[in-house]
Amino acid sequence: MLDAFTALNRGTRLVYRRGLRRYVYAPIAVNLAVYTAMLYYVVTRFGGWLEAWMAMVPAWLGWLEWLLWPLFVLSLVLIVFFTFTLVTHLIAAPFYGFLAAKVETQVTGRPPLDDRGLARTAVDALGRELVKLGYILPRALALFVISWIPALNVFAPLLWALFSAWMMAITYLDYPMDNNKVTFADMRRRLSAHAWQTLTFGGWVTLITWIPLANLFLLPGAVAGAVLMWDRHYRGEGDVAAS
C-alpha cells in the first residue's frame, strides 16, 4: 500500500535522478524569485498587520488577549502561506505539468493520455490553474472572514490547516490528472472517494512548504509523489465510476 509519506519520499529521490533532474531547475528558479519577494514584503509589513488586527479586538474580549494574540499570528502566517502558494503555483504550473508527464512516463513505462504539444500544454495549464483559483478563492475568503470574527476566529487556525491540506492535494494531484484528461469536477470526486490518502498527502505537502528554502527543492518531489499517488490510488477510479 503506497502511503502519502512514502510517495513523497520516493518522488523526491526520483526527480533528482539522471534524466529527470533537468526538469526541476525552472520550477526551483520561479519559486526562489517569488519566495524572496514575498519574504521581503511580509517582513516589512508584518508588525503593522498584527497591530491593526489586535486593535479590532473588542474590549469585552480583552481578558482573552493572551490567547487571541498567538491565534491571530498563526492565522496571519497561514494567510501569507496561502497567498504565496497560489502565486508560485500559478507561475510554475506549466513546468510542473511537464515534469509530471515525464515522471509518469518513466515510472509507468507509458506516457499520459494527454497528446497536446508543449505550447498548448503550457497555455492549458494556466487555464487549469484559474479553474482551481475559482474553486479555492471563495472558500479561502470565507475562512479569511472567520479569522477576523471575534470568538469564531479561535477555530480559524484549525480550519486553515485542514483547508491547506485539501488545497495542496488539489494543487499537486491535479497535475497528473490533468495530463490524463481528468476533468476538474471528476478530480474532486476521486479525491473525495479516497479522503484519507488525499488529506494525508496534502498535509505532508503542506508541511514541506513550511520548511524555509528547503521547500524550493522538495516541492518538485511532491509533483512526482502526486504521480505515484495518482497511479496507485486514483487512476482506476474513473473506470469504477463509469461501470
Side-chain angles (χ1 to χ4, degrees), residues 8 11-50 73-103 116-137 140-141 144 160 163-165 167-176 178-179 201-227:
L8 289 170
T12 301
R13 288 186 283 116
L14 181 64
V15 294
Y16 289 103
R17 292 178 182 173
R18 172 178 287 186
L20 283 177
R21 56 175 173 251
R22 64 178 179 269
Y23 299 112
V24 308
Y25 297 145
I28 288 176
V30 169
N31 285 336
L32 181 60
V34 176
Y35 184 90
T36 302
M38 184 73 72
L39 182 62
Y40 174 79
Y41 183 79
V42 171
V43 168
T44 57
R45 290 168 173 77
F46 189 85
W49 289 340
L50 183 60
V73 171
L74 182 57
S75 296
L76 187 56
V77 169
L78 287 170
I79 292 170
V80 170
F81 152 77
F82 174 78
T83 303
F84 167 76
T85 300
L86 287 181
V87 172
T88 56
H89 287 93
L90 181 62
I91 298 174
F95 304 108
Y96 282 150
F98 188 59
L99 174 61
K102 293 299 180 182
V103 170
R116 296 169 294 180
L118 179 59
R120 179 62 184 273
T121 299
V123 172
D124 289 352
L126 292 176
R128 185 80 164 207
E129 289 300 308
L130 295 178
V131 172
K132 283 189 264 189
L133 285 177
Y135 172 82
I136 292 172
L137 285 179
L141 180 61
F144 180 77
W160 275 108
F163 179 68
S164 295
M167 179 190 71
M168 297 307 287
I170 284 179
T171 298
Y172 280 88
L173 288 165
D174 184 54
Y175 295 126
D178 185 31
N179 286 341
F201 179 80
W204 279 114
V205 176
T206 301
L207 290 177
I208 288 175
T209 62
W210 283 90
I211 305 174
L213 294 180
N215 56 10
L216 302 179
F217 301 93
L218 294 175
L219 289 179
V223 175
V227 174

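It should be emphasised that the depicted structure is a prediction, and the values quoted were computed from it without experimental measurement.
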Return the minimal non-hydrogen interatomic distance between [X] and [Y], and the atom names on each side.
X: Pro220; Y: Leu99; value: O-CD2, 3.9 Å
X: Asp174; Y: Ile170; value: CB-O, 3.0 Å
X: Ala100; Y: Pro176; value: CB-N, 4.3 Å
X: Val205; Y: Ala222; value: CG2-CB, 4.1 Å
X: Asn179; Y: Gly97; value: ND2-O, 3.0 Å

Atom [atom1] in [X], atom [atom2] in [Y]: separation rounded to 0.5 Å?
X: Leu8; Y: Tyr172; atom1: CG; atom2: OH; result: 10.0 Å
X: Ile28; Y: Phe217; atom1: CD1; atom2: CZ; result: 5.0 Å
X: Met168; Y: Thr206; atom1: CE; atom2: OG1; result: 5.5 Å
X: Ile208; Y: Thr12; atom1: CD1; atom2: OG1; result: 5.5 Å

**Six-ring centre of Tyr175, Lys102 cation under 6.0 angstrom, axis tolerance 45°** = no
Note, [X] side chain near [Y] side chain (heavy atom, < 4.5 Å):
X: Tyr96; Y: Leu219; result: yes
X: Tyr23; Y: Phe95; result: no
X: Val223; Y: Val15; result: no
X: Tyr16; Y: Leu20; result: no

